Amino acid sequence: MQSRQLRWETLAALRNSSKGQLSYCRHWLQDEDILEGCMSPLVLSPYSGWVLDKVIGQSAPEIAPSRSSTPKESTPLTHWSSSLEKITSASHQGSSPLSSADPSETKGNEDLGLLEMDQEAFLAVLPSKVTEVEGCIRMYEEMHRLKGKEGLRQRQEQQEQMVRAVYDLASEQLKRFDELKELKQHQEFQDLQEVMEKSSKEAQGQQEKLKEEHRHRAKVLNLKLREAEQQRQRQEELERLRKEEGQERLRRLYSIQEEVLQLNQQIDPNYRHKDLPRIDLSAYSNRGNQICGLVSGLIRTTSERGFPTPVDVANTERALQEMRGLITSMQQEIAAAVEEKRRRDEEEERQKQKELLKKEQMKAQNPAPAQQSGRRQQKEGLQVKAEESTMQWYQQLQDAAEQCVASFSGISNCKDNNEVKKIKTDLQKAATIPVSQISRIAGSQLREIFDKINNLLSGKSVQSGGRTVSVTQHPQGLDFVYYKLAEKFVNQGEEEVASHRDAAFPIAVVASGIWEIHPRVGDLFLAHLHKKCPYSVPFYPALKEGTSMEEYQRMLGYQVKDSKMEEQDHFLKRMSGMIRLYAAIIQLRWPYGNKQGTHPHGLKYGWRWLAQMLNMEPLADVTATLLFDFLEVCGNALMKQYQVQFWKMMLLIREDYFPRIEAITSSGQMGSLMRFKQFLEECLQQKEIPLPKGALQSSFWRS
């Protein structure tokens, strides 16, 4: 252990010695002859001359002053040796490859310069061995430097070769990479192409599959379409058969109605057998009218519903059987009465010889009781037909209208003359447009409309549609305007008043004023009104032999289109509008006209219409509606005019006539009947007929 410690101390001492601090290069061992000089005896090197020449030549000027210095300044041997060690170590450090590799300076430049000066001064007086060593060192350094340059050059060449090799390798690798990349692209493209071809084949297969499914579905759809078409054809065939059956049943209903009406005509309430003065057929007539009303109502109901059902046909056939039974009963009663009369005549014949004088007296007295019995029976039954004077008046108005139409046939039937057609159009617009503009507007505007119509009828020129129009433009123009104006007034009642009941009064006051100045317009107005609404006469048209059912329905006031009668509600609405307009006209006068004369068609005509309506057999649904509309519009004026007589008429309606209406009204027609009943009860209870809604007050004319 102690010996090991001593070895470490020896190594430390050697490391700290002057030789141990010398720098060595590891490459020196390769050239052992470099260190050989340190172990050989001191001799002058063959390079000494070169070293001395070089050193002495550089340091001669500096050595001379050193020699002339004092002995005090001379350095002892120990100083020289230490200096030599320092210089040598410094030289070795400066010339070693390590010092050349490290360019950084350990001390300042001034200290290095002093050391070099001391070294050169010292070398001047060094012995030959030191000089040789120094020369070897210098030579070695030069050789090492040259060798380093050569090694550096070789390394540079080697490095350049390596760079070129690496560059060539990189180029080759880049080429291989590009080739590999291109190969991969080709492979990917080929794979993609294969995938596309595969997907294309799959798409084609799918398309073929879809085509097959489409063909299958098309086949199924075609089958379904054929089945649907066959079903539709079957349904159409069933519908056609149903319509044919319905049409057949409808024709059957019409034939039954026609037969019922013809049978009803055989029941004359005024029938008096020449040999049977006491027979009364009014009960048969009333029942026959009721059966006709029931059949007509049933036909209207089925027409609104579409086609009649077998139940409807059965009901009408039962009504026909009842009517036939009624006729049979009447004939049996007449036959029984004739038989009774025959027996009575035979008995009288047997007593003739015994009481001849008494028989003559009986013959003289027989007509009088017969006449009294006829009057009594006539009072018990109501009329079915209008009075003869009323029918004559009705026929006169229709004849006047036909004559008026014939008088302007030249302007109405013109087809080739454009000028006449233009005049016809202008005149028709000038006559009808102002009437269409009548409404509940200010009285001043209503007066302008009246003046425009009056000027047109008076032969003056008026403006219509930006054109100047006059009836003098054509010889038949005035008759044409008369006819079209009267027709337009009736159409306004049928359409405008039916929808807006308040419009009856402004239209009526203008019509009344025109009627008063131009009486022919009033006659044509009545003719149009009676033709469209025969109940305004009042008149119940009878079915004549040879008249079709459609024509008969038109005579009753119904609109028939394509062999189909209009609905009952629409029919009653039109009839109500025209009756309301008529009831307003008979009580109104134009306020700016001549008030000294009488009304051309005043309240007396309304009183006559009401009396004739109450003398005729009622019609289901129609009579109640028209009486209610007429009394609601004109009742207040009639009450003020006739007073007590009017209230007697109202009592007669409630006590006698209303039960007759109620007896023939079915359950589906009770709306108008209940409305009429409520109106009667309120008026009789309050002893007052209220003013109609929309009546023109004095404030209207001041506006």
Side-chain angles (χ1 to χ4, degrees), residues 11 15 20-36 88-109 111-113 115-116 135-228:
L11 290 173
R15 187 182 298 114
Q21 292 180 354
L22 293 176
S23 299
Y24 296 97
C25 179
R26 60 184 178 180
H27 301 290
W28 288 353
L29 296 177
Q30 298 176 1
D31 300 324
E32 295 180 355
D33 54 347
I34 295 175
L35 299 176
E36 185 180 357
T88 304
S89 63
S91 174
H92 288 172
Q93 291 175 359
S95 60
S96 64
L98 295 174
S99 62
S100 63
D102 186 7
S104 64
E105 295 179 358
T106 60
K107 292 183 180 180
N109 293 327
D111 295 337
L112 183 60
L115 290 174
E116 290 178 355
C136 291
I137 291 171
R138 293 289 182 95
M139 289 297 292
Y140 175 77
E141 289 177 352
E142 184 69 18
M143 291 176 64
H144 186 71
R145 187 178 60 80
L146 294 175
K147 188 177 180 179
K149 285 184 179 180
E150 182 65 20
L152 179 61
R153 184 184 61 78
Q154 291 177 359
R155 278 194 75 165
Q156 287 179 349
E157 291 178 357
Q158 185 180 2
Q159 194 72 22
E160 289 176 357
Q161 292 176 358
M162 290 177 64
V163 169
R164 284 195 296 271
V166 170
Y167 176 77
D168 294 339
L169 180 62
S171 299
E172 291 297 328
Q173 289 180 353
L174 182 61
K175 290 180 181 179
R176 302 292 84 77
F177 177 76
D178 291 339
E179 291 175 358
L180 182 62
K181 185 177 179 180
E182 185 177 358
L183 179 62
K184 287 183 178 180
Q185 288 179 352
H186 284 299
Q187 290 177 353
E188 290 177 356
F189 178 76
Q190 187 175 2
D191 293 341
L192 180 61
Q193 190 173 5
E194 291 177 357
V195 170
M196 291 179 62
E197 290 178 356
K198 183 178 180 181
S199 61
S200 176
K201 291 180 180 179
E202 291 178 355
Q204 289 179 356
Q206 188 70 18
Q207 188 175 6
E208 292 295 330
K209 184 177 180 181
L210 290 175
K211 287 182 179 179
E212 184 64 26
E213 291 180 356
H214 177 70
R215 285 192 291 269
H216 179 68
R217 290 180 181 178
K219 186 183 297 182
V220 173
L221 287 176
N222 288 332
L223 291 175
K224 290 183 178 180
L225 286 175
R226 282 196 294 270
E227 292 177 358

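None of these values were measured; they are calculated from a predicted model.
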From L210 CG over to Q204 CD, what is the distance, rounded to the nearest 0.5 angstrom?
13.0 Å
How long is the span from the CZ atom in R145 to the CE atom in M143, to the nearest 0.5 Å?
12.0 Å
Gap between atom NE2 of H144 and atom CD1 of I137 - 0.5 Å precision
13.5 Å
When rounded to the nearest 0.5 angstrom, what is the spacing between CD in E202 and CE in M196?
13.0 Å
Should the heavy atoms of other residues, nucleotides or ligands under 6.0 Å from CZ of R217 be counted, would the total exceed 12?
no
Roughly how far, to the nearest 0.5 Å, is the CD atom of E179 from the CD atom of E172?
8.5 Å
Mind checking what makes salt bridge (charged side-chain N to carboxylate O under 4.0 Å, His left out) contact with R226, not counting sequence neighbours?
none
Test item: E182 and D178 side chains (from C-beta on) under 4.5 Å apart, heavy atoms:
no
Among E213, E212, K219, find the residue that satisfies the side chain to side chain contact (heavy atoms under 4.5 Å, CB included) test when tested with R215.
E212
Residue list, side-chain contact (heavy atoms from CB on, under 4.5 Å) with V220, at least two apart or on another chain:
H216, K224
Between OH on residue Y140 and NZ on residue K147, distance to nearest 0.5 Å
7.0 Å
Any residue meeting side-chain contact (heavy atoms from CB on, under 4.5 Å) with E194, in chain and number order, not counting sequence neighbours
Q190, D191
